[in-house]
There are 2 protein chains.
Amino acid sequence: MVEETLSSLPGYALRRAANAMTAELASRLAKHDVRIVDATVLLLIATKPGATASSIGRTLDIQRANMVPLLKRLEDAGMIGREPIDGKSQGLVLTEEGKARFPAIRRTLEAFEQDLLARVPAEHREHLLPALNALWK
Amino acid sequence: MVEETLSSLPGYALRRAANAMTAELASRLAKHDVRIVDATVLLLIATKPGATASSIGRTLDIQRANMVPLLKRLEDAGMIGREPIDGKSQGLVLTEEGKARFPAIRRTLEAFEQDLLARVPAEHREHLLPALNALWK
DNA sequence: TATTGTTATACTCTATAACTATA
DNA sequence: TATAGTTATAGAGTATAACAATA
């Protein structure tokens with residue numbers, strides 16, 4: 001009865017669903033030794049080589065200050081490199097090792113998204129993405 | 001273009017939507033000096049007076065160890081009290097102050113849920129809750 | 001033996017303020 | 001003046017291990 005009260009609340013269900021799916025994805029990505037945010041940043045760098053830390057932070061709503069340890073982690077792992085654009089900006093690129101390792105990470109991301117959608121009953125499936133995007137975009 | 005790649009991913013949209021809505025609710029509840037998890041625990045105690053810390057933790061998937069500072073915070077705020085059930089369990093109840101303050105908190109929760117649903121386009125609205133519940137229940 | 005409540009601890013994520021250097 | 005990168009720090013949420021006392 002208490003549980004039913006909670007699961008009738010979309011805000012509560014939203015948080016629980018996000019927590020469950022985040023834990024699931026984090027677990028799958030751990031096999032590649034990357035975090036969710038790492039994989040997302042790698043996806044952006046792969047899609048747009050030469051992007052700056054600031055631009056990536058703006059796209060993902062990550063504070064500039066929090067990009068520093070994140071990028072250091074990826075750099076220490078040998079997956080990304082920095083190429084000076086001018087005296088103040090740096091373009092981020094995948095290293096050879098990054099290019100070698102990223103496809104498996106991308107496949108993990110894509111498999112996760114497919115499996116997530118597969119868990120949603122068919123009659124609700126096409127409504128999920130537009131409903132969610134209306135809540136933050 | 002990069003943004004469009006990201007927002008076509010339901011898992012990404014799920015995390016962004018949850019983060020946005022969580023920040024919004026936290027901001028509204030801050031006016032009542034409670035956190036989201038505090039308000040949720042108060043809701044459970046109000047619904048089922050005498051529930052134990054362990055049972056509430058199981059319902060909300062909060063570790064027993066993490067219930068301790070949470071309940072201490074609500075106790076220090078004068079909103080909940082503990083009534084011994086036996087030598088090892090304690091039933092949690094709202095104090096007079098808790099009963100006085102909780103209705104405004106409940107109204108904030110209800111208004112938030114209504115506003116959240118109102119942001120979802122009408123044709124998707126009824127699909128959101130069942131889709132989300134399929135992802136974690 | 002299992003459960004309740006507790007202490008201690010650590011990690012992740014996120015937010016803010018402030019600084020340097022460059023556009 | 002605005003922006004890029006950085007350092008330091010703090011709050012919040014969450015996870016694990018271990019313990020004493022009681023069911």
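Letters A, B, ... are given to chains in the order of the sequence lines, protein chains preceding strands, and every chain is numbered from 1.
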Practice task
Remember a base hit wins even if backbone is also touched, and classify A:Arg82 as base, sugar-phosphate or nothing at under 4.0 Å, heavy atoms.
Solution key: sugar-phosphate
Problem - Touch class at under 4.0 angstrom, heavy-atom based, for A:Arg15 against every strand present - result: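 Answer is nothing: A:Arg15 stays at 4.0 Å or more from every strand.
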Problem - 5' to 3' contact window, DNA chain C with chain A (heavy-atom distance under 4.0 Å) - result: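 The contact span of chain A on DNA chain C goes from C:dT12 to C:dA23.
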Exercise for the section: Determine whether more than 12 heavy atoms belonging to other residues, nucleotides or ligands lie under 6.0 Å from atom CD of B:Glu110. Expected result: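 Result for CD/B:Glu110: enclosed.
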Is any side-chain N of the basic residue among [X] and [Y] closer than 4.0 Å to the acidic one's carboxylate O?
X       : Y       : answer
A:Lys72 : A:Asp76 : yes
A:Asp33 : A:Arg73 : no
A:Asp61 : B:Arg16 : yes

Exercise for the section: Between protein and nucleotides 13-23 of chain D, map the contacts as a letter string: B base, S sugar-phosphate only, - none, heavy atoms under 4.0 Å, written 5' to 3'. Expected result: SBBBB----BS
Problem - Any B:Leu129 side-chain heavy atom under 4.5 Å of A:His124 side chain - result: no
Problem - Side-chain heavy atoms of B:Thr52 within contact of B:Gln90, under 4.5 Å - result: no
Practice task
Please name the pair of heavy atoms, one in B:Ser54 and one in B:Arg64, separated by the smallest distance, quoted to 0.1 Å.
Solution key: OG-CD, 3.2 Å
Practice task
Would you name the heavy atoms of B:Asn133 and A:Ser7 that are closest together and state the gap between them?
Solution key: ND2-O, 3.0 Å
